[in-house]
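A note on names: the letters A, B, ... follow the listed sequences, proteins ahead of strands, and every chain is numbered from 1.
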Number of protein chains: 2
Amino acid sequence: MDPLETRELRYFMAVAEELHFGRAAERLGMAQPPLSRAIQQLERRLGVSLLKRNRRGVALTGAGEMLLHEGRAALDAITAAARRTRRAGGADSSGGTRNRMVLAVKAGASHDLLHKLLDAYAAEPDAAEIEVLPSGTCEQGEMLRDGRADVALMHKPFNSLTGFDSEELMTEGQIAILPAGHPLAAHKTLSLADVSDIPDLPLARWSRDGTYPPGPGPEIHDQTQLAQLIALGRTVAVFPDSARAWLWAEHTAVPLTDAPPVVTHIAWPAHSRSLALAGLLRTATRL
Amino acid sequence: MDPLETRELRYFMAVAEELHFGRAAERLGMAQPPLSRAIQQLERRLGVSLLKRNRRGVALTGAGEMLLHEGRAALDAITAAARRTRRAGGADSSGGTRNRMVLAVKAGASHDLLHKLLDAYAAEPDAAEIEVLPSGTCEQGEMLRDGRADVALMHKPFNSLTGFDSEELMTEGQIAILPAGHPLAAHKTLSLADVSDIPDLPLARWSRDGTYPPGPGPEIHDQTQLAQLIALGRTVAVFPDSARAWLWAEHTAVPLTDAPPVVTHIAWPAHSRSLALAGLLRTATRL
DNA sequence: CCCTGTCATACCTGGGGGGTATCACCGCCG
DNA sequence: CGGCGGTGATACCCCCCAGGTATGACAGGG
């Protein structure tokens, strides 16, 4: 009948994630009884049971899982609307001039491409002000979805472009970054197999949502950390070619022959229709 | 601060579309003063002015336009969440079995592809129940966005696939559909220029959102209507090759040499993650 | 100059969202 | 087996705020 309220969605998401009314209520900063009631009302309203209450906690039904996924997308869209509206209203109060735009970039990646892009765009007539937002590991997608960013540089195959519009900007090979003195550093090229099986140099493991894939290598969540460990001869890493920009003297880069190429795209939410974005895209595709 | 409520969004959308508080309030089924207040609160909350109140109606600011676009996307996402949740909960109450799925298809298009797809999918083990939803002119995208449909057959270049994931299914040429007796019907092939300039047969104009592009041809919003007008020798139309399925005896189809090919895709919202959809895609790409 | 149409303000009321206290139920463990 | 802890549900209350009505302020047009 009448539409879902965002409050109800927020409540349900909390319960669906915690699978526990008490903890969910705490997270929401409210008491448990009104939360229980709100969820019941939601279920009545939708005419669907969302949770199975076993006496020991709760579990999601099929409909519950659906609402968990779709609801997250909807909440993201709402916060995106609020964020982008605030951003659009911050500077201009009428004309559409001086729009600010946020560009998300994986920290340290595509450095000179980014530099050239920003310089070229700044030279455009009535260029918008661009704020560069360094993003953590592969979270540019979330940032576009929830409105923290308006446009992003994304790197296939690490980022997924599904749900966004994009233009291809650049393709590059990958390199292995080795300690300068290591025997393998003398090679002209290497294969993935070569670098994944070095007995004294386990491949570094990157943090993904705070968890790490299993393996022998050191746990990394920061490029500086990684650079240091490589320089100390403790690990080896595989990066796109443009990573040469931040290599140290103690590093040696060796091209990999069989690593998949990395394609840099500029991506934006599919429904975007802004002049500033159009200008940036024009600049980017002309580079 | 605290998130936008859908009520506020709905209110703002109404005002932004009507550009008139009174009419917007009427459309919302409420009185004008609380609507005014709600919008003011919204503006205060966002810290942004959304409307310029000239004493003669209102106009949108830049931020207002942003909220109009982003808000529409957000509201669509919310109604989609509600619709899909209801649909998921209708049949199953726990297991995930017998999910229903809605497939949007432009009425009359890709008829035998659709037929083969449905037959092949129905033969799959634990196939979901598929409801076919005939859509009007090119509105499959909206249907995916607001949850009326879960998956759609879309036709490049008529539909835009931006924002969706898709798989290519079929490419076909286009044909001109002429009255059987017409001189041009005797040709083996024609060009677009040939059919757009026939003095006695103006090209039909299709309705787009209830409005028609300008031109001499008759206004059409229904395939049967069009078929009849062609049979009567009053107009000519250009269609994908698969339209041969519904030709009448009084029609003649002539291939067009220079018309852009029509590519049929199966498309779905980028964030979808359902087993039923995966099965349908597997079937579709194997056809 | 008044009348009309617009949005804003003032004030009131009722419903419902949220809180506290408590219940009902189950599983665990001594 | 009986208390005990921890779960979600119920009962009841209160007060805030969404919404309604009446009215104001202001601009433009005849």
Side-chain angles (χ1 to χ4, degrees), chain A residues 1-61 63-64 67-68 71 75 78 93-94, chain B residues 1-61 63-64 67-68 71 75 78 93-94:
Chain A
M1 327 238 180
D2 34 19
L4 244 42
E5 283 300 322
T6 67
R7 181 177 46 82
E8 302 178 288
L9 265 184
R10 265 185 16 242
Y11 289 3
F12 175 75
M13 303 296 288
V15 175
E17 283 171 8
E18 299 281 349
L19 293 178
H20 188 289
F21 278 80
R23 280 194 300 273
E26 189 180 10
R27 199 172 101 183
L28 292 166
M30 65 187 290
Q32 169 260 319
L35 179 57
S36 282
R37 252 190 344 192
I39 300 292
Q40 284 176 309
Q41 280 178 13
L42 178 61
E43 287 180 305
R44 254 201 315 279
R45 178 107 67 90
L46 289 171
V48 156
S49 102
L50 299 168
L51 299 167
K52 276 184 304 193
R53 281 88 161 164
N54 336 353
R55 287 281 159 212
R56 201 119 210 108
V58 286
L60 288 170
T61 65
L67 188 57
L68 180 58
L75 284 181
I78 292 171
S93 68
S94 67
Chain B
M1 327 237 181
D2 35 19
L4 244 42
E5 282 300 322
T6 68
R7 181 178 46 83
E8 302 178 288
L9 264 185
R10 266 185 16 244
Y11 289 2
F12 175 75
M13 303 297 287
V15 176
E17 281 171 10
E18 299 281 349
L19 292 178
H20 188 290
F21 279 80
R23 281 195 299 275
E26 189 181 9
R27 199 173 100 183
L28 292 166
M30 65 187 291
Q32 169 260 320
L35 179 58
S36 281
R37 248 192 348 193
I39 301 292
Q40 285 176 308
Q41 280 178 14
L42 178 62
E43 287 180 306
R44 253 202 316 278
R45 180 106 69 89
L46 289 172
V48 157
S49 103
L50 300 167
L51 299 167
K52 274 183 304 192
R53 282 89 161 163
N54 337 354
R55 290 278 161 214
R56 202 124 210 106
V58 286
L60 288 171
T61 65
L67 188 57
L68 181 59
L75 284 180
I78 291 171
S93 67
S94 66

Side-chain touch [X]/[Y], heavy atoms, less than 4.5 angstrom:
{"X": "B:V58", "Y": "B:H20", "answer": "no"}
{"X": "A:I78", "Y": "B:I78", "answer": "yes"}
{"X": "A:T6", "Y": "B:L4", "answer": "no"}
{"X": "B:L42", "Y": "B:Y11", "answer": "no"}

Taking all non-hydrogen atoms of both residues into account, name the closest pair between A:G71 and A:L9 and its distance.
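So the minimum-distance heavy-atom pair works out to CA-CD2, 3.9 Å.
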Output, in order, the C-alpha distance, side-chain angles, deciding distance and verdict of salt bridge (Lys or Arg N to Asp or Glu O under 4.0 Å) for B:R27 and B:E18.
CA-CA 9 Å; B:R27 199 173 100 183; B:E18 299 281 349; 3.1 Å; yes
I need the [atom1]-[atom2] distance between [X] and [N], as an integer number of Å.
{"X": "B:L50", "N": "C:dC7", "atom1": "CG", "atom2": "C1'", "result": "16 Å"}
{"X": "B:R10", "N": "D:dG19", "atom1": "CZ", "atom2": "P", "result": "8 Å"}
{"X": "A:R53", "N": "C:dC26", "atom1": "CZ", "atom2": "P", "result": "16 Å"}
{"X": "A:R7", "N": "C:dG17", "atom1": "CZ", "atom2": "C1'", "result": "6 Å"}
{"X": "A:E26", "N": "D:dG6", "atom1": "CD", "atom2": "C1'", "result": "14 Å"}

Salt bridge (Lys or Arg N to Asp or Glu O under 4.0 Å) partners for B:E8, two or more places apart:
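Result, salt bridge (Lys or Arg N to Asp or Glu O under 4.0 Å) vs B:E8: B:R45.
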For DNA chain D, which residues of residues 27-42 of chain A approach it to below 4.0 angstrom with any heavy atom?
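Within residues 27-42 of chain A, the residues near DNA chain D are A:Q32, A:P33, A:S36, A:R37, A:Q40.
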Heavy-atom contacts under 4.0 Å between residues 15-24 of chain B and DNA chain D, which residues?
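Result for residues 15-24 of chain B: none.
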Using modelled atom types only, decide if a donor and an acceptor are shared between the side chain of A:E43 and the backbone of A:S49 within a distance under 3.5 Å.
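A pair under 3.5 Å: no.
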